[in-house]
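Single-structure report; data block below.
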Amino acid sequence: MAFSIVTWNINSVRLRLPIVQHLLEMWQPDVLCLQETKCPDDQFPTAAFKKMGYEHIAMHGQKGYHGVATIAKEPFAAESEWLEFCDMGDTRHMSTRHTIPGMSDPVLLHNFYVPAGGDEPDIVKNPKFDHKLKFLDEMTDHFGGRFKDDKNIVVGDLNIAPSENDVWSHKQLLKVVSHTPVEVETLDRVFKAGGFVDLVRQNFPEPELLYSWWSYRSRDWQTSNRGRRLDHIWSHPDVAKHLSSVDILSEARGWEKPSDHVPIRAVFG
DNA sequence: ATGGTGGACGCTCCA
């Protein structure tokens with residue numbers, strides 16, 4: 001029995017509700033993790049999801065910025081604590097426990113929206129870049145500490161394209177926030193602390209070019225194809241063993257009023 | 001070297 005998890009930075013769940021519904025009809029995932037919902041919890045379009053058979057919703061949102069939500073067909077347990085990164089109070093993380101058929105232990109599914117980090121890759125001149133690196137350091141602490149005995153899955157917009165095959169031009173992006181060596185190294189410490197497997201790369205090995213995001217500031221995203229792989233799905237090796245396929249839905253970048261990110265799906269079993 | 005677009009909010013910030 002297959003079980004699928006989708007992650008998507010939706011850039012306003014209320015504005016994008018039609019394309020979210022389209023995705024649910026198309027893929028019917030068991031679990032959908034959204035980032036950048038930009039929606040306070042009491043204004044989340046809960047009824048629209050319930051009407052589509054997604055009756056179980058946990059969210060952690062705020063007015064105007066950030067916000068994550070995890071939506072499922074079957075019941076799950078939401079962890080009551082969110083990581084309060086850097087004491088900013090930003091809604092950038094939530095975690096939920098799910099039972100996946102064929103797996104003996106429940107998984108702990110982390111839904112992340114890592115800070116973008118501003119324009120300049122300098123921690124002195126740019127406090128947002130400093131915040132991004134500190135946020136990642138706190139992730140490393142948590143995966144080496146409180147979550148170390150869990151079967152973790154990490155999904156979300158991590159706002160870093162780690163490999164040279166995750167960007168349209170490695171050379172031209174080395175000094176661009178999202179692909180700088182210090183970000184890649186800091187993210188790699190998170191990855192190693194959790195003992196993770198990159199499920200997307202397990203399915204599409206290097207050197208295949210993979211992108212999940214194309215800027216809005218481009219005349220024709222498809223022709224110029226200057227993308228970056230900012231969205232990720234990682235898991236504990238015991239979970240990775242059950243991976244059967246991964247899909248990156250690039251065509252969603254061309255949908256009506258698109259997000260600048262596209263959905264990624266991992267299928268288990 | 002610069003600007004390009006888009007969303008939320010409310011006369012501006014963030015990506």
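The chains referred to below are lettered A, B, ... by the order of the sequence lines, with proteins before strands, and numbering in each begins at 1. A quick note: this is a predicted structure, and the numbers were derived from the prediction, not measured.
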Original post:
Please give, in whole Å, the distance from B:dA15 C1' to A:D90 CG?
Top reply: 13 Å
Subject >> Parallel, tilted or perpendicular, as decided by the 30° and 60° cut-offs, for the rings of A:F191 and A:W234 >> reply: perpendicular
Original post:
If you measure from the C1' atom in B:dT12 to the same atom in B:dA1, how many Å do you get, rounded?
Top reply: 25 Å
Subject >> A:E120 CD - B:dC14 P separation (whole Å) >> reply: 15 Å
Subject >> A:H261 vs A:P40, nearer the 5' end of DNA chain B by closest nucleotide >> reply: A:P40
Original post:
Once you round it to whole Å, what is the distance between P of B:dG6 and CD1 of A:I10?
Top reply: 16 Å
Subject >> Nearest-nucleotide 5' precedence on DNA chain B, A:G118 against A:P258 >> reply: A:P258
Subject >> Nucleotide nearest A:Y65 when distance is taken to its side chain, options B:dA8, B:dC14, B:dC9 >> reply: B:dC14
Subject >> Euclidean distance for P, B:dG6 against B:dG10 (whole angstrom) >> reply: 22 Å
Original post:
Are A:K175 and A:E120 within salt-bridge range, i.e. N to O under 4.0 Å?
Top reply: no
Original post:
To the nearest angstrom, how far is A:L15 atom CG from B:dA15 atom C1'?
Top reply: 15 Å
**OP:** Please report, rounded to the nearest Å, how far the P atom of B:dG3 is from the CZ atom of A:R219.
**Re:** 14 Å
Original post:
Can you check whether A:K38 has a side-chain N or O nearer than 4.0 Å to OP1 or OP2 of B:dG6?
Top reply: no
Original post:
Any donor-acceptor pair under 3.5 Å between the side chain of A:R217 and the base of B:dA15?
Top reply: yes
Original post:
Quick one: which of A:K132, A:H232, A:H179 gives a side chain to side chain contact (heavy atoms under 4.5 Å, CB included) with A:I160?
Top reply: A:K132
Original post:
Do the side-chain N or O atoms of A:K128 get closer than 4.0 angstrom to the phosphate oxygens (OP1, OP2) of B:dC14?
Top reply: yes
**OP:** Would you kindly give the NE2-to-P distance between A:H66 and B:dC13, to the nearest whole Å?
**Re:** 15 Å
**OP:** Let me know the distance between CD of A:Q43 and P of B:dC9, rounded to the nearest Å.
**Re:** 8 Å
Original post:
To the nearest Å, how far apart are A:R226 CZ and B:dG4 P?
Top reply: 16 Å
Subject >> Backbone N/O of A:H261 and side chain of A:N9: donor-acceptor pair under 3.5 Å >> reply: no
Original post:
Heavy atoms under 4.0 Å, any strand shown: does A:R16 hit a base, just sugar-phosphate, or nothing?
Top reply: sugar-phosphate
Original post:
Under the criterion ring pair (Phe, Tyr, Trp, His ring centres under 6.0 Å), which of A:W82, A:Y113, A:F44, A:F112 is the partner of A:H60?
Top reply: A:W82
Original post:
When the P atoms of B:dT5 and B:dC9 are considered, how many whole Å apart are they?
Top reply: 23 Å
**OP:** For the side chain of A:Y216, starting at C-beta, report the closest nucleotide among B:dG10, B:dA15, B:dG6.
**Re:** B:dG6
